[in-house]
Participant: 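One structure, as structure tokens, below. Some questions next.
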Amino acid sequence: MAHKTLWPTAKWALPPKVRVARRISGMFQRLDLRGTALTRAQLTAKLPRATVDIDVALEAVRPIIDQVRAHGASALRSLAQTFDGVRPEHLRVPQVALDRAEAELTDELREAMLLSIKNNRAGHEAQLPTPTRTTIVPGGIVRQRWIPVERVGLYVPGGLAVYPSSVIHNAVAAQCAGVEDVALASPPQKEFGGLPHPTILAACKLLDITEVYAVGGAQAVAMFAYGAAGEPGTADSDVLCEPVDVVTGPGNIYVAAAKRAVHGVVGIDAEAGTTEIAVIADASADPTYVAADLLSQAEHDPAAASVLITDSEEFADACDAEIAKQARSTKHSERVATALTGPQSGIVLVDNIDAAIEVANAYAAEHLEIHTENASADAARIRNAGAIFVGPYTPVPLGDYMAGSNHVLPTGGTARFAAGLNVMAYIKSVQEIEYTRDALASMQGPLTALANAEDLPAHGDALAVRTGTSAETEA
């Protein structure tokens, strides 16, 4: 829920969007790092970041996970009543609802979804790895195979917005990887009779996803990880959901915490939490563009992060003013104001673009835009980011929908070690080894020496029984 404004509410009070613009103007916090020399740890500690305690969230989701494991569909209905305000009749969405949602799409939205699917397929098919066959010694071969997992669970959040784009980005990556069994969950909506939003269902139908669940939050992650028994006497009386091999998709901190809790039982993509954007800009950048992009991510959530990194104080001032101006007309102005004035957002002033790149690598943004004179060269120096958007005509919303990249990306600094969602989230690397008798014999002496050094003589014996040569002799 957006933070309530502290401005007066009497009849003579300023219009809401003017209040928001004033609230933002001059309150976009600034961190001046000019003339400082900080270690990476010191820099990381100073940068704007939401105060998130994953341990607290973990404690909150563990009982939810336990309930789903123990009581299946019954627990899922009760949890939906608690968190979504509705007790779904159908936890698994009936096919008729999917068909109806797709049929009721406007032509404009249908074409937009189909273009997004097309572009994302092209981008994700290019990620597929190539099998290899390597001859190690004559007669000794190692083949590298890439095998898709059998079954995946895709999570699409609800809450403050509707995300058919997340259906597309999750599903296209899995389908391009070759996954045959795809299930998807999205929160039940009270205004739609306990089913997910119709636009979500329509996207599922366009992608031929028929196993769709009206289940949200941590409970959806638990259902995918452990499966869920049915509830006698309901529409879901049989086994509701079988366990999956991998769970992917964005969500709030509780979804991220649930994914952490079940990691190891299933694979996960990353802990993709509330959205964030960082922008590197110099004096050549257009403050109108940059302000619009910072606002575009702030409208997702009051906890969204928008960070500008610049070596130009004049540009910072211009961007600050432009943000306040654009806030007057944006639809979700209260949400934007809360996000931009929170501790997770702000302007970072640096000495030069080299320092800006150092800050960006320490911050490790989910989305990083580069608005500099040498944008392509500067982008090549970025090590840590979920996705990099290069130049003035590549805004983050392009990646959110139809650039051909994926918008399910690591947040909270985890881009230091995690990648955005791609086909590799659904593919296992498997090696096949095949040696002839002569090739095996050529390895016997060295292998036996290593086996004896590790006091594992039976390892050498496993070769000796095949070659007819004493392992002790070879040793």
Participant: Using modelled atom types only, decide if a donor and an acceptor are shared between the side chain of His197 and the backbone of Gly158 within a distance under 3.5 Å.
Facilitator: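 Judged by distance alone, no pair lies under 3.5 Å.
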Participant: Got a second to check how far Thr338's OG1 is from Gln344's CD, nearest 0.5 Å?
Facilitator: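 Spacing of OG1 (Thr338) from CD (Gln344) equals 9.0 Å.
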Participant: Is there a donor-acceptor pair closer than 3.5 Å between any side-chain N or O of Thr44 and the backbone N or O of Arg40?
Facilitator: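 Flag set: sc Thr44 to bb Arg40 pair under 3.5 Å.
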Participant: Please tell me if the side chains of Leu115 and Glu111 come closer than 4.5 Å, counting only heavy atoms from C-beta onward.
Facilitator: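 Counting from C-beta outward, Leu115 and Glu111 never come under 4.5 Å.
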Participant: With side chains defined as the heavy atoms from C-beta onward, is the minimum distance between Leu207 and Val172 less than 4.5 Å?
Facilitator: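 The answer is yes, as the side chains (C-beta and beyond) meet within the 4.5 Å cut-off.
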Participant: Go through it in stages, so that I can follow the logic: the residues are Gln175 and Arg121, the test is side-chain hydrogen bond (donor to acceptor under 3.5 Å, both in side chains), and I'd like the CA-CA distance, side-chain angles, deciding distance and then a yes or no.
Facilitator: CA-CA 9 Å; Gln175 290 173 346; Arg121 284 204 193 284; 2.8 Å; yes
Participant: Do Tyr426 and Thr248 pair up side chain to side chain, a donor and an acceptor below 3.5 Å, judged on atom types alone?
Facilitator: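 Judged by distance alone, the side chains do pair up.
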Participant: To check you understand the geometry: which heavy-atom pair defines the closest contact between Pro198 and Ala101, and what is its length?
Facilitator: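 Heavy atoms of Pro198 and Ala101 come nearest at O-CB, 3.3 Å.
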Participant: If you take all heavy atoms of Ala218 and Val255, which pair is closest and at what distance?
Facilitator: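 Looking at all heavy atoms of both residues, the closest pair is N-CG2, 4.4 Å.
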Participant: Is Gln95 atom CD crowded by more than 12 heavy atoms from other residues, nucleotides or ligands, each under 6.0 Å away?
Facilitator: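 Buried by this count: over 12 neighbours within 6.0 Å.
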Participant: Determine whether more than 12 heavy atoms belonging to other residues, nucleotides or ligands lie under 6.0 Å from atom CZ of Arg30.
Facilitator: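 Above 12, so yes.
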Participant: Would a distance-only check, ignoring hydrogens and angles, find a side-chain to backbone donor-acceptor pair under 3.5 Å from Thr134 to Ile136?
Facilitator: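 Between the backbone of Ile136 and the side chain of Thr134 there is no qualifying donor-acceptor contact (under 3.5 Å).
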Participant: Atom CD in Glu104, atom OG1 in Thr199: separation rounded to 0.5 Å?
Facilitator: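 Reported to 0.5 Å precision, the distance equals 10.0 Å.
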Participant: Examine the side chains of Asp286 and Thr288 and answer whether a donor and an acceptor come within less than 3.5 Å of each other.
Facilitator: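 Yes.
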Participant: On a heavy-atom basis, which atom in Ala425 and which in Val246 lie closest, and how many Å separate them?
Facilitator: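 That closest heavy-atom pairing would be O-CG1, 3.7 Å.
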Participant: Would one find more than 12 heavy atoms of other residues, nucleotides or ligands at under 6.0 Å from atom CD of Glu191?
Facilitator: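 It does: Glu191 CD has more than 12 such atoms within range.
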Participant: Given side-chain contact (heavy atoms from CB on, under 4.5 Å), test Val408 with Asp269 step by step and report yes or no.
Facilitator: CA-CA 9 Å; Val408 182; Asp269 51 345; 3.5 Å; yes
Participant: Tell me whether Asp293 contacts the main-chain N or O of Pro395 through its side chain, where contact means a donor paired with an acceptor under 3.5 Å.
Facilitator: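 Such a contact is absent between Asp293 side chain and Pro395 backbone.
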Participant: Measure from the side-chain N and O atoms of Ser78 to the backbone N and O of Ser74, and report whether any donor-acceptor pair falls under 3.5 Å.
Facilitator: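 Confirmed, Ser78 side chain pairs with Ser74 backbone.
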Participant: Testing the basics here: between Gln29 and Pro48, what is the closest heavy-atom pair and its distance to 0.1 Å?
Facilitator: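 Looking at all heavy atoms of both residues, the shortest contact is NE2-CB, 4.1 Å.
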Participant: Residues two or more places apart in sequence or in another chain: which of them pass side-chain hydrogen bond (donor to acceptor under 3.5 Å, both in side chains) with Asp400?
Facilitator: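 Result, side-chain hydrogen bond (donor to acceptor under 3.5 Å, both in side chains) vs Asp400: Gln297.
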Participant: Any side-chain to backbone donor/acceptor pair from Asn422 onto Gly420? Under 3.5 Å, distance only.
Facilitator: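 Looks like yes, one N/O pair under 3.5 Å.
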Participant: Say whether, by atom type as modelled, one donor and one acceptor occur between the side chain of Ser345 and the main chain of Thr341 under 3.5 angstrom.
Facilitator: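 Absent.
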Participant: Which atoms form the tightest heavy-atom contact between Lys428 and Pro148, and what is the distance?
Facilitator: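 Smallest heavy-atom distance, with atoms named: CE-O, 4.5 Å.
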Participant: Verify the ring-centre separation between His371 and Tyr289: is it less than 6.0 angstrom?
Facilitator: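 No: the rings miss the under 6.0 Å criterion.
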Participant: Give the intermediate values and the outcome of side-chain contact (heavy atoms from CB on, under 4.5 Å) for residues Leu240 and Tyr213.
Facilitator: CA-CA 9 Å; Leu240 175 67; Tyr213 296 96; 3.8 Å; yes
Participant: For Phe417, does the CZ atom sit with more than 12 other heavy atoms under 6.0 Å from it, leaving out its own atoms?
Facilitator: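 Atom CZ in Phe417 is packed in, count exceeds 12.
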Participant: Is any side-chain N of the basic residue among Lys331 and Glu299 closer than 4.0 Å to the acidic one's carboxylate O?
Facilitator: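 Judged by the 4.0 Å cut-off on N to carboxylate O distance, Lys331 and Glu299 do not form a salt bridge.
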Participant: Taking side-chain hydrogen bond (donor to acceptor under 3.5 Å, both in side chains) as the criterion, tell me which of Thr275, Thr274, Thr411 meets it with Glu366.
Facilitator: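 The single option meeting the side-chain hydrogen bond (donor to acceptor under 3.5 Å, both in side chains) with Glu366 is Thr275.
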Participant: Please enumerate all residues that pass side chain to side chain contact (heavy atoms under 4.5 Å, CB included) together with Asp84, with sequence neighbours excluded.
Facilitator: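 By the side chain to side chain contact (heavy atoms under 4.5 Å, CB included) rule, Asp84 matches Ala80, Val86, Pro187, Pro188, Gln219.
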Participant: Using 30° and 60° as the class boundaries, would you call the ring planes of His407 and His169 parallel, tilted or perpendicular?
Facilitator: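 If you compare the ring of His407 with that of His169, the planes turn out parallel.
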Participant: Considering residues, nucleotides and ligands other than Tyr435, do more than 12 of their heavy atoms fall under 6.0 Å from its OH?
Facilitator: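 Counting other residues, nucleotides and ligands, OH of Tyr435 exceeds 12 neighbours.
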Participant: Checking Thr330 side chain against Ala327 main chain: does a donor-acceptor pair fall under 3.5 Å?
Facilitator: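 Judged by distance alone, no pair lies under 3.5 Å.
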Participant: Just wondering, more than 12 heavy atoms not from Glu150 lying within 6.0 Å of its CD?
Facilitator: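 No, CD of Glu150 has 12 or fewer neighbouring heavy atoms, counting only those of other groups under 6.0 Å.
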Participant: What verdict does the salt bridge (Lys or Arg N to Asp or Glu O under 4.0 Å) test give for Arg110 and Glu102, after you've listed the backbone C-alpha separation in whole Å, the side-chain angles of each residue and the deciding distance to 0.1 Å?
Facilitator: CA-CA 8 Å; Arg110 182 193 307 275; Glu102 191 267 338; 2.3 Å; yes
Participant: Rounded to the nearest 0.5 Å, how far does CG of Leu105 lie from CE of Met113?
Facilitator: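 Rounded to the nearest 0.5 Å, the CE-CG separation comes out at 5.0 Å.
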Participant: With distance as the sole test, does Arg77 use its side chain to make a donor-acceptor pair with the main-chain N or O of Pro88 at under 3.5 Å?
Facilitator: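 Checked: pair present.
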Participant: Side-chain contact test, heavy atoms from C-beta onward, threshold under 4.5 Å: evaluate it for Thr132 versus Arg143 and give yes or no.
Facilitator: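 Sidechains of Arg143 and Thr132: no contact.
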Participant: Tell me which one of Val221, Val266, Val265 satisfies side-chain contact (heavy atoms from CB on, under 4.5 Å) with Tyr226.
Facilitator: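 Exactly one candidate clears the test, Val265.
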Participant: Nearest 0.5 Å, what's the CD-OG distance between Gln431 and Ser429?
Facilitator: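 Interatomic distance, Gln431 CD to Ser429 OG, rounded to 0.5 Å: 6.0 Å.
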Participant: With a sphere of 6.0 Å drawn around CD of Gln127, does it hold more than 12 non-hydrogen atoms of other residues, nucleotides or ligands?
Facilitator: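 Counting neighbours around CD of Gln127, more than 12 heavy atoms of other residues, nucleotides or ligands fall under 6.0 Å, so yes.
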Participant: Quick one: do Asp66 and Arg69 satisfy salt bridge (Lys or Arg N to Asp or Glu O under 4.0 Å)? Show the steps, please.
Facilitator: CA-CA 5 Å; Asp66 290 343; Arg69 292 185 70 181; 5.2 Å; no
Participant: Let me confirm one number: the OH-OH distance from Tyr163 to Tyr155, rounded to the nearest 0.5 Å.
Facilitator: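 If I round to the nearest 0.5 Å, the distance is 11.0 Å.
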Participant: Say whether, by atom type as modelled, one donor and one acceptor occur between the side chain of His124 and the main chain of Asn120 under 3.5 angstrom.
Facilitator: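 Between the backbone of Asn120 and the side chain of His124 there is a qualifying donor-acceptor contact (under 3.5 Å).
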Participant: Starting from the C-alpha separation in whole Å, work towards a yes-or-no answer on side-chain contact (heavy atoms from CB on, under 4.5 Å) for Leu47 and Val359.
Facilitator: CA-CA 8 Å; Leu47 293 175; Val359 168; 3.7 Å; yes
Participant: Test Ile353 against every option in Ile309, Thr372, Ile370, Thr310 by the side-chain contact (heavy atoms from CB on, under 4.5 Å) rule and name the one that passes.
Facilitator: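 Among Ile309, Thr372, Ile370, Thr310, the one that satisfies the side-chain contact (heavy atoms from CB on, under 4.5 Å) with Ile353 is Thr372.
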Participant: If a pair satisfies salt bridge (charged side-chain N to carboxylate O under 4.0 Å, His left out) and one of its residues is in residues 195-211, list it, with sequence neighbours excluded.
Facilitator: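 Residue pairs passing salt bridge (charged side-chain N to carboxylate O under 4.0 Å, His left out), neighbours aside: Asp99-Lys205, Arg151-Glu211.
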Participant: Report yes or no: is the cationic atom of Arg416 (NZ for Lys, CZ for Arg) closer than 6.0 Å to the six-membered ring centre of Tyr363, at no more than 45° off its axis?
Facilitator: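 Relative to the ring axis of Tyr363, which defines the angle, Arg416 lies outside at least one limit.
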Participant: Before you tell me yes or no, could you show the steps for Val93 and Leu98 under side-chain contact (heavy atoms from CB on, under 4.5 Å), namely the whole-Å CA-CA distance, both residues' side-chain angles and the distance that decides it to 0.1 Å?
Facilitator: CA-CA 7 Å; Val93 176; Leu98 296 168; 4.1 Å; yes
Participant: For Lys259 versus Val247, what's the shortest heavy-atom pair and its separation?
Facilitator: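 Looks like CE-O, 4.3 Å.
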Participant: Out of curiosity, Leu91 CG to Glu89 CD, how far, rounded to the nearest 0.5 Å?
Facilitator: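 Reported value, rounded in 0.5 Å steps: 10.0 Å.
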